[in-house]
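Got a structure for you, written out below as structure tokens; questions coming shortly.
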Amino acid sequence: MRDILDAVADGELSPAEAQAELSGYARTEAGRFDAARESRTGIPEAILAAGKTPQETASMAAAAVETTGAALVTRADDDAVDACKTRLADEVPDADTERDARARTLVVHAPEYEAPDLDANVTVVTAGTSDAAAAGEAAVVAEEMGAIVEFVDDVGVAGIARLFDRLEELRAADVLIVAAGREGALPTVAAGLVDVPLIGLPVSTGYGHGGRGEAALAGMLQSCTPITVVNVDAGFTAGSQAGLIARTVSSARSES
């Protein structure tokens, strides 16, 4: 503790960094940022912009970069992204920012940030273009955890020959995230053709009875092939679980 206090006195640590070192979190005007989550769970703390004002989101993002060197913002609209970029331009002008508008994510890395690097592949599969938003969120999270992420797009069961054309790519993955809306059949079919851990990501596409992802979720939960299923549009959860599997695979490879 004395070392941390001395570092603050010498200007080597900010008060927020010191607080994060001592308690595992940093206080902001928008709440507490869990700076220790990644070291504790292996999953980076994400800032959910939905439900927060743009200024609250920016405050949390600034605290994330200050205490961990990186920020991951999810469900971010244009206003939230603009507020984050404006604040970070003042506080961390050399930070690298990358926005995925369709996935509604914003990733920020400070110049000194060292990203994790895993020797493992996560392949994100979509049934159709309408599934790309949730799938993209999953991909961003897995990438932030250090996995090598690849994509196999538009292989839904309505034209199942498209899936058969890409099977070798699916079989080469260490873990699959398969996103599908409508009746959610693609993960079940794919799991019957590969020997790879598969995470089903139901998407809120479709309409009428069973729309908004309910039919996709129910179909995946009732899958006759063994798959793991996350909630509707839960790209963050799918990406996190895939990242944890990838980390285990990478660790095993490094020890062999």
Taking every non-hydrogen atom, the tightest pair across Ala35 and Thr68
O-CG2, 3.7 Å

Same apolar cluster (I L V M F W Y, side chains within < 4.5 Å links), Leu217/Leu176:
yes

Mind jotting down which residue pairs meet the ring-ring contact (aromatic ring centres under 6.0 Å, His included) criterion with at least one end in residues 224-255? Sequence neighbours excluded, please.
none

Do the side chains of Val178 and Leu201 get nearer than 4.5 Å, heavy atoms only?
no

Any side-chain heavy atom of Val232 sitting closer than 4.5 Å to one from Arg212?
no

Going by the salt bridge (Lys or Arg N to Asp or Glu O under 4.0 Å) test, which pairs reach into residues 117-133, not counting sequence neighbours?
none

Contact list for residues 192-225, test ring-ring contact (aromatic ring centres under 6.0 Å, His included), sequence neighbours left out:
none

Ala50: what forms a side-chain contact (heavy atoms from CB on, under 4.5 Å) with it, not counting sequence neighbours?
Leu48, Arg75

For a quick test of reading the model, state the closest non-hydrogen atom pair linking Ser130 to Val203 and the distance between them.
O-CG1, 4.2 Å

Given Leu244, which of Ile43, Val175, Thr41 fulfils the side-chain contact (heavy atoms from CB on, under 4.5 Å) condition?
Ile43

Atom pair CZ/CG of Phe164 and Leu170 - distance to nearest 0.5 Å:
11.5 Å

Is it the case that the side chains of Thr105 and Asp100 hold a donor-acceptor pair, with the cut-off being a distance below 3.5 Å and no angle test?
no

With sequence neighbours left out, what residues match Pro111 under side-chain contact (heavy atoms from CB on, under 4.5 Å)?
Val92, Asp94

Could you walk me through whether Val152 and Val124 pass the side chain to side chain contact (heavy atoms under 4.5 Å, CB included) test, one step at a time?
CA-CA 6 Å; Val152 172; Val124 179; over 6 Å; no

Treat each ILVMFWY residue as a node, draw an edge where side-chain heavy atoms are under 4.5 Å apart, and state whether Val155 and Val149 are in one component.
no

Interatomic distance, CG@Asp34 vs OG1@Thr67, rounded to 0.5 Å, equals 9.5 Å

For atom CD of Gln222, is the number of surrounding heavy atoms from other residues, nucleotides or ligands below 6.0 Å larger than 12?
no

I want to check something: taking the side chain as every heavy atom from C-beta on, are Val107 and Val140 in contact at a cut-off of under 4.5 Å?
yes

Looking at Ala138 and Ile177, what are the two nearest heavy atoms and their distance?
CB-CD1, 3.9 Å

Taking the side chain as every heavy atom from C-beta outward, state whether Phe151 and Thr123 have any pair of such atoms under 4.5 Å apart.
no

Please list all pairs passing the ring-ring contact (aromatic ring centres under 6.0 Å, His included) test where one or both residues lie in residues 89-148, with sequence neighbours left out.
His109-Tyr113

Heavy-atom side-chain contact between Thr74 and Ile47 under 4.5 Å:
no

side-chain hydrogen bond (donor to acceptor under 3.5 Å, both in side chains) pairs touching residues 76-90, sequence neighbours excluded, are Glu29-Arg87, Asp78-Arg99, Arg87-Glu91

Any chance you could measure Ser204, atom OG, to Asp233, atom CG, to the nearest 0.5 Å?
3.5 Å

Distance check, rounded to the nearest 0.5 Å: Leu72 atom CG versus Met60 atom CE?
12.0 Å

If a pair satisfies salt bridge (Lys or Arg N to Asp or Glu O under 4.0 Å) and one of its residues is in residues 158-171, list it, with sequence neighbours excluded.
Asp154-Arg162, Arg166-Glu169, Glu168-Arg171

Between Thr126 and Thr129, is there a donor-acceptor pair closer than 3.5 Å when you use the side chain of the first and the backbone of the second?
no

With sequence neighbours excluded, what pairs up with Val249 under the side-chain contact (heavy atoms from CB on, under 4.5 Å) test?
Ala120, Asp174, Ile245, Arg253

Any link between Val65 and Val73 through a network of hydrophobic side chains (Ile, Leu, Val, Met, Phe, Trp, Tyr) touching at under 4.5 Å?
yes

Could you list the donor-acceptor pairs under 3.5 angstrom formed between side-chain atoms of residues 183-200 and any protein atom two or more places apart in sequence or on another chain?
{"unit_1": "Thr188", "atom_1": "OG1", "unit_2": "Ser223", "atom_2": "OG", "d": "2.9"}

Apart from Ile148 itself, its cluster of hydrophobic side chains linked below 4.5 Å comprises none

Write down the atom of Val81, the atom of Ala76, and the distance for their closest heavy-atom approach.
CG2-CB, 3.9 Å

Closest non-hydrogen contact found for Cys84 with Ala61 is SG-CB, 4.0 Å

Under the side-chain contact (heavy atoms from CB on, under 4.5 Å) test, residues paired with Ala83 that sit two or more places apart
Pro54, Ala58

Do Pro44 and Met145 have side chains that get closer than 4.5 Å, going by heavy atoms?
yes

Drop me the distance from Glu255's CD to Ser250's OG, to the nearest 0.5 angstrom.
9.5 Å

Go through the steps for Glu98 and Leu106 under the test side chain to side chain contact (heavy atoms under 4.5 Å, CB included), then give the verdict.
CA-CA 6 Å; Glu98 183 174 350; Leu106 178 70; over 6 Å; no

Side chain to side chain contact (heavy atoms under 4.5 Å, CB included) between Val108 and Asp96, worked out
CA-CA 6 Å; Val108 184; Asp96 177 59; over 6 Å; no

Nearest 0.5 Å, what's the CZ-CD distance between Arg102 and Glu137?
14.0 Å

So which atom in Pro116 and which in Glu144 form the shortest heavy-atom distance, rounded to 0.1 Å?
CG-O, 3.3 Å

